[in-house]
Amino acid sequence: MFEKSLSDLVKGIRANKRSPSAFISASILECKNELRDPNEFVKANAIKKLTFLRMMGYEFSWANFAIIEVMSSQRFGHKRVGYLAAAQSFNEETDVILLTTNLLKKEFKSSNVYEVGLAINCLSNIVTPDLARELLPDLTLLTQHSHGYIRKKAVLCLFKLFMKYPQGLRLTFDRVKQCLDDSEPAVVSCAVNVITELADKNPKNYLLMAPHFFNLLTSSSNNWMLIKVVKLLGSLVCEEPRLARKLLEPLAAIVQNTQAKSLLYEAVHTLTLALPYARKADGSVPKTVPAIVQLCSEKLKAFVEEADQNLKYLGLVGFVSLMKSNPKEVVEHRSLILRCLCDDDVTIRSRALELLTGMMTKKNLQELVDQLMQHVRLSEGAYRDELISKIVFMCSRDKYSYIVDFKWYLDTLIAMSRLHGTEHGLVISDQIIDVAIRVFPTREYCVGRMVEVVLGSKLVMGKSKDTIWEVLHAAAWVVGEYSSFVETVHLSSRVVESLAQGVHCELLRVLLSTRSLGLPARTQAVYIQAALKVFAAASNSPSVDSEQIHECISVFEANLPAWMRSKEAEVQERASTCHTFLSALELIAPKSTAYTNGDVADANDEYDESSDSKAPDVPPPSSDFFGLPRPP
């Protein structure tokens, strides 16, 4: 008599905003006591309050049996409370759910259509494989009920039963097909929805129903049903190409006449799916295809120009589909799609980027990439990484078949390498090496640009977290591998002015600088190899005098000891091999590049600038890196 109502519970929770847990715990205890009361009004009120608490995240599986009791009440108001609670809390692991089988069978035979509808709604939410198997015949009979209200609910609920009990689809699908001829439009619409969802899993199974859906397409005026019909026919086009040509004119008529944006988009999208299959066996296309392509292009352009972000996104998705069959038609809207790269919505930018990737040709690739590079410089984070990835993909596509000027591409790669915070250093590095190997005419230019990269002190001395070390790896590899081009490359005036000695000597100073020990181990190892190859090229060059050769040797003599004490085994080995090779040629004294197994230097340590020109005083060991005794 004095129990709290649902309204009192809500008011109490709002009144205890700071610490509602104590109030809710007390309320749950009250509900437990109320469920023991024989009065069905009290029990239904308790279930109503528990259902509200369930929506807030509280679990009350202990009240499942009481829910079934309320579901079996003779009063419709109490039934509704019980069915709602069951839909909220019952699942496949609920042990008392089998008790609902006979209850639901009984409700399906009720003369009150609203009680039957209530039971169908509950079944769709709590259905399990066992319930689906037991109740499938009863639900199938309801598809022939005299009231359309029940027939449409039964058809929709059958889909849920098919998901839990797939074998039931073969047993009852004929009845679902018969619902397509129902006198009630709502029942037909529900049957179309069910078949559309089923066809999404395997369209081929529903190919024989194409004529029936084609009739609905040309005769129905229900926009919501037409959307489903159009979507279903679109999924069947790839299974039956002849259907594509038959759909062109009806869909074009819908596009021209409908004012509903949702139906308009589905019709245009299905047309773009059908166009690739519209070609006849002799290779010709229907006369209406060019006009339909133009119509689709205009409608999609209107979508992209809409202020509504959702419509704009749908327009871009439609253009992606249209590009598969008519790329030239989409290329005409390049400026419109480029403007989408400035949109605040990242999903719209990503779709526009996908479109631009498919628009490229040999003629427009350079212009397109230059425009994308402007966006790269203004963007940041994951979107900028995606832009860089797309640029590399576009340029390297089909083994660089779209690139006309490889010098331009190298400049673009270097420009991307100087961006802070990107995650594509390794990709850019691989591209530089690949171009240097594959494209001989631009190899000398590539070496020249890589010399400038290596000599660029900002790359070596910049903040490590903002530097793409992998590009330095590629630059050193290219300079070392093709060091014969070093003396003939054309360097920028800024770089030439910074050269105190010859270019070979300056390269060795940078490559063997102790500052370079802060680079990753794989880059350090390449630096050592490149330094030795550059020195070999200098020794073989007639333009390098003996003074410069002696200066190069002094760079080795001064800096190799620090590299030989690196904590990285690969760097130690290469530095020691370089030292052994030069000392075997009697170019440097063995004792000046001593190596010890102890006191290994940390590659990330800060080194004194004076160490670049003066070797540290380390006592010589009794043997070299390979364990061989040193000569006296």
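Please read all numbers here as calculations on a predicted model, not as lab measurements.
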Output, in order, the C-alpha distance, side-chain angles, deciding distance and verdict of side-chain contact (heavy atoms from CB on, under 4.5 Å) for Phe173 and Ile195.
CA-CA 9 Å; Phe173 187 68; Ile195 296 173; 4.1 Å; yes
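- Checked for salt-bridge contact, Lys164 and Glu92 meet the test: a charged N lies under 4.0 Å from a carboxylate O.
- For the atom pair Lys105 NZ and Leu135 CG, the distance stands at 5.5 Å (nearest 0.5 Å).
- Within a 6.0 Å radius of CG in Asn91, other residues, nucleotides and ligands contribute more than 12 heavy atoms.
- The shortest distance between side-chain heavy atoms of Phe162 and Val176 falls below 4.5 Å.
- Between the side chains of Gln309 and Asp343, at least one donor N or O lies within less than 3.5 Å of an accepting N or O.
- If you run salt bridge (charged side-chain N to carboxylate O under 4.0 Å, His left out) between Glu306 and each of Lys299, Lys261, Lys312, only Lys261 comes through.
- Geometrically, Lys177 does not engage Tyr206 in a cation-pi contact defined by less than 6.0 Å to the ring centre and at most 45° from the axis.
- Across Ala86 and Ile126, no two heavy atoms sit closer than the pair O-CG2, 3.5 Å.
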Just do the side-chain contact (heavy atoms from CB on, under 4.5 Å) check on Val230 and Tyr265 with the steps written out, would you?
CA-CA 10 Å; Val230 169; Tyr265 171 75; over 6 Å; no
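- The distance from the CG atom of Leu387 to the CZ atom of Arg377 is 11.5 Å, given to the nearest 0.5 Å.
- At least one side-chain heavy atom of Gln371 sits under 4.5 Å from a side-chain heavy atom of Leu338.
- A distance-only check finds no donor-acceptor pair linking the side chain of Ser297 to the backbone of Val293 [under 3.5 Å].
- Thr270 places no side-chain N or O within 3.5 Å of a backbone atom of Ala267 that could act as its donor or acceptor partner.
- A donor-acceptor pair under 3.5 Å links the side-chain atoms of Thr218 to the main chain of Phe214, judged by distance alone.
- Inter-residue side-chain proximity for Val268 and Leu251 is flagged as unmet; no heavy-atom pair is nearer than 4.5 Å.
- The ring-ring contact (aromatic ring centres under 6.0 Å, His included) analysis of residues 96-118, with sequence neighbours excluded, yields the pairs Tyr114-Tyr149.
- For residues 36-63, the ring-ring contact (aromatic ring centres under 6.0 Å, His included) pairs, not counting sequence neighbours, are Phe41-His78.
- For Glu329 against Gln294, the heavy-atom pair with the smallest separation is OE2-OE1, 2.9 Å.
- Taking SG of Cys296 as the reference point, atom NE2 of His269 lies at 11.5 Å (rounded to 0.5 Å).
- Contact check for Arg339 versus Val304: no side-chain heavy atoms found under the 4.5 Å cut-off.
- Under a 3.5 Å cut-off, the side chain of Asn64 and the backbone N or O of Ser61 do form a donor-acceptor pair.
- Between Lys152 and Val155, every side-chain heavy-atom pair lies at or beyond the 4.5 Å cut-off.
- No donor-acceptor pair closer than 3.5 Å links the side chain of Asn205 to the backbone N or O of Ala199.
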Show your working on side-chain hydrogen bond (donor to acceptor under 3.5 Å, both in side chains) between Asn112 and Ser110 and close with a plain yes or no.
CA-CA 5 Å; Asn112 187 334; Ser110 173; 5.7 Å; no
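- Side chain of Thr357 to backbone of Leu353: a donor-acceptor contact under 3.5 angstrom is found.
- Other residues, nucleotides and ligands place more than 12 heavy atoms under 6.0 Å from the CZ atom of Phe23.
- When all heavy atoms are compared, the tightest approach of Ala278 to Leu248 is CB-CD1, 4.0 Å.
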Walk me through whether Met359 and Val331 qualify under side-chain contact (heavy atoms from CB on, under 4.5 Å).
CA-CA 6 Å; Met359 288 183 180; Val331 171; 4.1 Å; yes
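- Within the 4.5 Å cutoff, side-chain heavy atoms of Leu198 are placed close to those of Met163.
- With rounding to the nearest 0.5 angstrom, the CG atom of Leu139 is 12.0 Å from the NZ atom of Lys153.
- Side chain of Arg349 to main chain of Cys340: no donor-acceptor pair is present (N/O by atom type, distance under 3.5 Å, no hydrogens or angles).
- Of the N and O atoms on the side chains of Asn222 and Ser220, not one donor lies less than 3.5 Å from an acceptor on the other residue.
- Using a 4.5 Å cut-off on side-chain heavy atoms (C-beta onward), Val192 and Thr196 make contact.
- Salt-bridge annotation for Lys228 and Glu197: present, with a side-chain N of the basic residue lying under 4.0 Å from a carboxylate O of the acidic one.
- Nearest heavy-atom pair, Ala274 versus Ala244, reported as atom, atom and distance to 0.1 Å: O-CB, 3.4 Å.
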How far apart are the C-alpha atoms of Val237 and Leu233, what are their side-chain angles, what is the distance that settles it, and do they pass the side-chain contact (heavy atoms from CB on, under 4.5 Å) test?
CA-CA 6 Å; Val237 163; Leu233 290 172; 5.7 Å; no
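- Among all heavy-atom pairs drawn from Ser146 and Arg151, the shortest one is O-NH1, 3.3 Å.
- In this structure a side-chain-to-backbone donor-acceptor pair under 3.5 Å is present from Ser379 to His375.
- The local environment of CZ in Arg242 is sparse, with at most 12 non-hydrogen atoms from other residues, nucleotides or ligands closer than 6.0 Å.
- When every heavy atom of Gln88 is checked against every heavy atom of Arg54, the shortest pair comes out as O-NE, 3.5 Å.
- Panel note: side chain Thr100, backbone Ile97; a donor-acceptor pair is recorded below 3.5 Å.
- In the displayed structure, Glu59 atom CD is contacted under 6.0 Å by more than 12 heavy atoms of other residues, nucleotides or ligands.
- Note that NZ of Lys79 and CG of Leu103 are 6.5 Å apart. Values are rounded to the nearest 0.5 Å.
- At a threshold of 4.0 Å, the pair Arg351-Glu354 counts as salt-bridged, since one of the basic side-chain nitrogens sits closer than that to a carboxylate oxygen.
- Considering OG of Ser262 and CG of Asn310, their distance stands at 12.5 Å, rounded to 0.5 Å.
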Start with the C-alpha gap between Ser5 and Asp8, add the side-chain angles, then the distance that decides, and say whether side-chain hydrogen bond (donor to acceptor under 3.5 Å, both in side chains) holds.
CA-CA 5 Å; Ser5 65; Asp8 295 331; 3.2 Å; yes
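- Arg175 and Thr140 share no donor-acceptor pair across their side chains, judged by distance under 3.5 Å alone.
- Proximity of His424 to Asp385: side-chain heavy atoms (C-beta onward) are separated by under 4.5 Å at one or more points.
- Ser72 places a side-chain N or O within donor-acceptor distance of the main-chain N or O of Glu69, the cut-off being under 3.5 Å.
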